[in-house]
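One structure is given here, and the rest of the page talks about it.
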Amino acid sequence: MLILGIETSCDDTGVALVEVNKKGTPRVLLNFMSSQVKIHSRYGGVVPYLAAREHERNLPLLIGRILKEYRQLTVADLIVVTIGPGLAPSLLIGTTAAKLLSYFWQKTIIGVSHLEGHLFSPFLNEIFKRPLLKFPFLCLLVSGGHTELVVVRGIGEYSVLGRTLDDACGEAFDKVARLLGLAYPGGPKIEKLAQNYASHLNEKLLFKPPMINSGDFNFSYSGLKTAVLYKIKSDKSKSRLKPKSDYIAWHFQEAALRPLVKKTLLAAKNFQIRSIIVAGGVSNNNRLKQLFEHQIRQDHIDAQVFFPDKILTQDNAAMIAYAGYLNYIRRGEKGDSLDKIQSNPNLDLGGA
Ligand code: KG4
Ligand code: ZN
């Protein structure tokens with residue numbers, strides 16, 4: 001079965017073609033993305049109207065590229081599109097295009113949550129790095145827009161254990177990067193700076209990891225960002241020198257990542273779940289991987305953590321296509337009617 005995925009929820013335009021064989025094993029045939037980083041970097045974040053304008057320009061080009069490379073695309077059996085959450089003007093471009101294709105090609109269409117795409121993204125990894133699709137699993141979804149800890153009991157059966165009360169984790173990386181004079185997206189740049197800092201063993205933390213002992217599964221990042229701001233200001237006024245960016249980046253990164261690891265492993269223990277998936281842009285972070293490995297070893301935790309391949313950590317349409325396929329199968333091979341496909345910028349995963 002051939003599935004066409006379309007993703008335009010934020011600032012990356014994605015079109016992908018995924019094939020699923022009779023055993024249900026997926027294979028990514030094409031996964032095209034068009035990044036808008038250059039356009040938004042000068043504003044320090046995504047500008048919704050500009051993002052939509054870029055989707056309007058790039059989406060037809062990417063669909064055209066797929067058609068060129070895959071001549072029999074009109075036999076794609078299923079069209080899947082992200083309906084939310086995301087930026088309203090961006091979502092409208094993707095849903096409109098997908099509905100038109102479905103209408104003219106007379107193909108089944110399904111709308112899915114962008115978050116659902118991330119939840120199942122590592123199941124598209126290179127085959128030897130792929131987890132088995134077995135329920136329940138736990139998913140820590142950490143991106144520029146989301147920080148959620150979710151128990152996945154089946155397709156469409158999600159319980160959100162906790163989420164950020166204010167900024168998302170990736171957003172905090174981006175804001176702190178800006179304070180340090182670095183361009184958007186800040187996550188990879190902060191990670192690189194932090195790697196330059198030679199920390200001591202058991203180095204005392206400069207910033208308190210927010211909510212690390214809160215006893216629930218929620219997160220918070222706006223206070224941490226403010227603490228970093230004050231530290232930079234006071235360093236500047238004392239020394240008139242450039243703040244020590246690598247030192248600040250390391251300490252910020254530790255404070256930002258440790259609550260993620262602690263709470264995810266606590267949830268795994270409390271709910272007796274042995275498979276953990278970490279997805280979204282922040283799952284690229286190597287220190288996050290290291291912290292998970294270290295904690296699992298130290299506490300002898302019987303759990304395995306899976307990360308998506310790099311191309312699948314960021315927003316992409318292959319993960320959307322696969323999430324759509326899983327929903328299609330769960331519903332007894334039924335899609336959505338065209339009038340049911342409506343974008344919803346605030347679409348929730350559901351449950352709590
Ligand atoms: O999933 P994604 O591509 O888009 C959203 O849905 O938000 O995630 C982008 C976010 C940005 O905030 C970026 O700074 C962050 O992921 N990010 C990282 C790293 N790579 C990307 N954060 C920390 N460390 C990284 N290596
Ligand atoms: Zn995303």
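A quick note: this is a predicted structure, and the numbers were derived from the prediction, not measured. Both ligands and their constituent atoms are indexed starting at 1 by order of listing.
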With a 3.5 Å distance limit and no angle check, can you tell me whether [X] reaches the backbone of [Y] through a side-chain donor-acceptor pair?
| X | Y | value |
| --- | --- | --- |
| S41 | Y184 | no |
| T95 | L91 | yes |
| S90 | C10 | yes |

Would you mind running through ligand 1 and noting each atom that sits below 4.0 Å from a heavy atom of [X]?
| X | answer |
| --- | --- |
| G144 | 5 (C), 7 (O), 8 (O), 9 (C), 10 (C), 12 (O) |
| T313 | 1 (O) |
| E191 | 25 (C), 26 (N) |

Is it the case that over 12 heavy atoms from other parts of the model lie below 6.0 angstrom from the CD atom of Q298?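 More than 12 within 6.0 Å, yes.
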
With respect to the Zn ion (ligand 2), please indicate if H146 possesses an N, O or S atom at a distance under 2.8 Å.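 Checking H146: none of its N, O or S atoms is under 2.8 Å.
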
Around atom 24 (N) of ligand 1, find the nearest protein heavy atom and jot down its residue, atom name and distance.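 For atom 24 (N) of ligand 1, the nearest protein heavy atom comes out as N285 ND2, 3.0 Å.
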
Hey, is [X] one of the residues with a heavy atom under 4.0 angstrom from ligand 1?
| X | answer |
| --- | --- |
| G145 | yes |
| H118 | yes |
| V142 | no |

V282, D174, L115: member with heavy atom nearest to atom 14 (O) of ligand 1: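 The option holding the nearest heavy atom is D174.
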
Where the closest heavy atom to atom 25 (C) of ligand 1 is concerned, which of A168, G187, G186, G280 has it?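 That would be G187.
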
Verify whether one side chain among [X] and [Y] offers a donor that lies under 3.5 Å from an acceptor in the other.
| X | Y | value |
| --- | --- | --- |
| D315 | H118 | yes |
| Q195 | N286 | no |
| S222 | K175 | no |
| T82 | H114 | no |

Using a plain distance cutoff, I'd like to know if [X] has any nitrogen or oxygen under 3.5 Å from a nitrogen or oxygen of ligand 1.
| X | result |
| --- | --- |
| D315 | yes |
| G281 | yes |
| Q314 | no |

For the Zn ion (ligand 2), give me the closest N/O/S atom belonging to D315, just the atom name.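 Result: OD1.
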
Which atom of H118 approaches the Zn ion (ligand 2) most closely (N/O/S):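 Result: NE2.
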
Evaluate the ring-ring contact (aromatic ring centres under 6.0 Å, His included) criterion for residues F306 and F137: first the C-alpha distance (whole Å), next the side-chain angles of each, then the deciding distance (0.1 Å), finally the verdict. CA-CA 11 Å; F306 297 94; F137 66 82; 9.3 Å; no

Taking side-chain contact (heavy atoms from CB on, under 4.5 Å) as the criterion, tell me which of L62, L17, L4 meets it with L30.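 So, applying the side-chain contact (heavy atoms from CB on, under 4.5 Å) to L30 and each of L62, L17, L4, only L17 qualifies.
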
